[in-house]
Amino acid sequence: MKILYTIGAVSLFALSAQAQNAKPEDTEVWLPEPKVVTPAKTPGNAPADAIVLFDGKNLDEWVLLDDSTSTQKWKLADGAMTVDKTKGDLRTKRKFTDYQLHIEYQIPTVIHGTGQGRGNSGIFLAALPWGAGGYELQVLDNYQNKTYVNGQVGSVYKQSIPLANAARKPGVWQTYDVIWTAPRFNADGSLKSPARVTAIHNGVLVQNNYVLKGDTPYIGQPAYKAHGPAPIKLQSHGDPSETISYRNIWVREL
């Protein structure tokens with residue numbers, strides 16, 4: 001037993017001596033330096049290294065989901081694009097893997113309907129041409145409008161209940177800031193690592209590094225199917241309520 005105590009004392013003495021001889025420089029890391037990114041002058045606007053997907057001027061970065069050659073897209077006016085339910089979903093021409101996304105939307109001041117039939121849309125963080133169509137972050141008017149909580153605004157649709165309801169009243173512009181980590185797949189198509197999402201809605205954290213169980217179907221259970229980089233899609237929902245609008249959309253690839 002004395003031998004053990006002696007060894008312990010020697011070890012503590014060595015650690016103490018090492019600490020006394022340590023310098024601040026021993027734990028300083030100087031390289032590689034993070035790249036310099038010039039932030040926007042106005043909070044919420046695109047930083048210097050962002051890809052601007054929509055700045056209110058045109059829809060050049062977007063195509064209709066079901067007709068990528070059509071020149072007729074959603075309605076463009078007053079720096080915003082408004083969903084056209086006769087045209088269907090809109091998706092980006094570009095494909096992405098991991099990214100930071102900023103997007104703003106507005107529920108119209110005059111809005112009718114209840115539950116899922118009121119200001120319904122969705123941001124598909126990776127649009128896929130099968131099953132549920134991808135992974136949806138819900139957009140819905142949930143200002144004094146109840147629905148199932150895993151389908152309200154801020155939810156990963158039918159999967160993850162938002163941590164808070166941060167909905168603003170209709171007519172006020174609202175923001176999403178999203179960090180998306182895409183799933184990875186093995187060579188045989190099996191899942192290597194699942195997708196993850198962090199989402200801030202109107203400055204309030206609503207999804208905290210949530211690990212997705214798969215895509216986000218309306219009916220049935222989520223599932224993964226191997227894919228690579230994918231577009232971002234905005235949903236044109238078939239409910240009869242008045243259409244919502246989007247503006248100031250940009251993305252930073254990570």
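These numbers were taken from a predicted model, which means no experiment stands behind them.
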May I ask you to test the [X]-[Y] pair for a side-chain heavy-atom distance under 4.5 Å?
| X | Y | answer |
| --- | --- | --- |
| V149 | N165 | no |
| V172 | I107 | no |
| M81 | L234 | yes |
| Q116 | Q138 | yes |
| I179 | L254 | yes |
| Y143 | I111 | no |
| I103 | I232 | no |

Residues K87 and D67 bridged, charged N to O under 4.0 Å: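 Salt bridge: no.
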
Salt bridge present between K158 and D215 (N-O < 4.0 angstrom):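 So K158 does not pair with D215 through a salt bridge.
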
So if you build clusters from Ile, Leu, Val, Met, Phe, Trp, Tyr with side-chain heavy-atom gaps below 4.5 Å, do [X] and [Y] land together?
| X | Y | answer |
| --- | --- | --- |
| I200 | V139 | no |
| Y135 | I161 | no |
| W130 | L191 | yes |
| F96 | V63 | no |

In this structure, are over 12 heavy atoms from other groups packed under 6.0 Å from [X] atom [atom1]?
| X | atom1 | result |
| --- | --- | --- |
| Q221 | CD | no |
| E33 | CD | no |
| K192 | NZ | no |
| N209 | CG | yes |
| K93 | NZ | yes |
| R247 | CZ | yes |
| D78 | CG | no |

Verdict with reasoning, Q207 to Q159, per side-chain hydrogen bond (donor to acceptor under 3.5 Å, both in side chains): CA-CA 11 Å; Q207 297 293 335; Q159 280 196 49; over 6 Å; no

Parallel, tilted or perpendicular: rings of W250 and H102 (30°, 60°):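 Ring orientation of H102 relative to W250: parallel.
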
Geometric class of the Y157/Y218 ring pair [parallel <30°, tilted 30-60°, perpendicular >60°]: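 Parallel.
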
Contacts of D26 that satisfy side chain to side chain contact (heavy atoms under 4.5 Å, CB included) - sequence neighbours left out: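 D26 satisfies side chain to side chain contact (heavy atoms under 4.5 Å, CB included) with A22, K23 only.
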
Result of checking T243, T82, D84 against W74 for side-chain contact (heavy atoms from CB on, under 4.5 Å):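 Looking at T243, T82, D84, the match for W74 under the side-chain contact (heavy atoms from CB on, under 4.5 Å) is D84.
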
Cation-pi check, K73 onto W62 ring (under 6.0 Å, within 45° of axis):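 Cation-pi check for K73 and W62: fails.
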
Point-to-point distance, once rounded to the nearest 0.5 Å, from NZ of K85 to CD of Q235: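 Between atom NZ of K85 and atom CD of Q235 there are 10.0 Å.
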
Salt bridge (charged side-chain N to carboxylate O under 4.0 Å, His left out) between D49 and R252, worked out: CA-CA 7 Å; D49 67 340; R252 293 182 64 244; 2.8 Å; yes

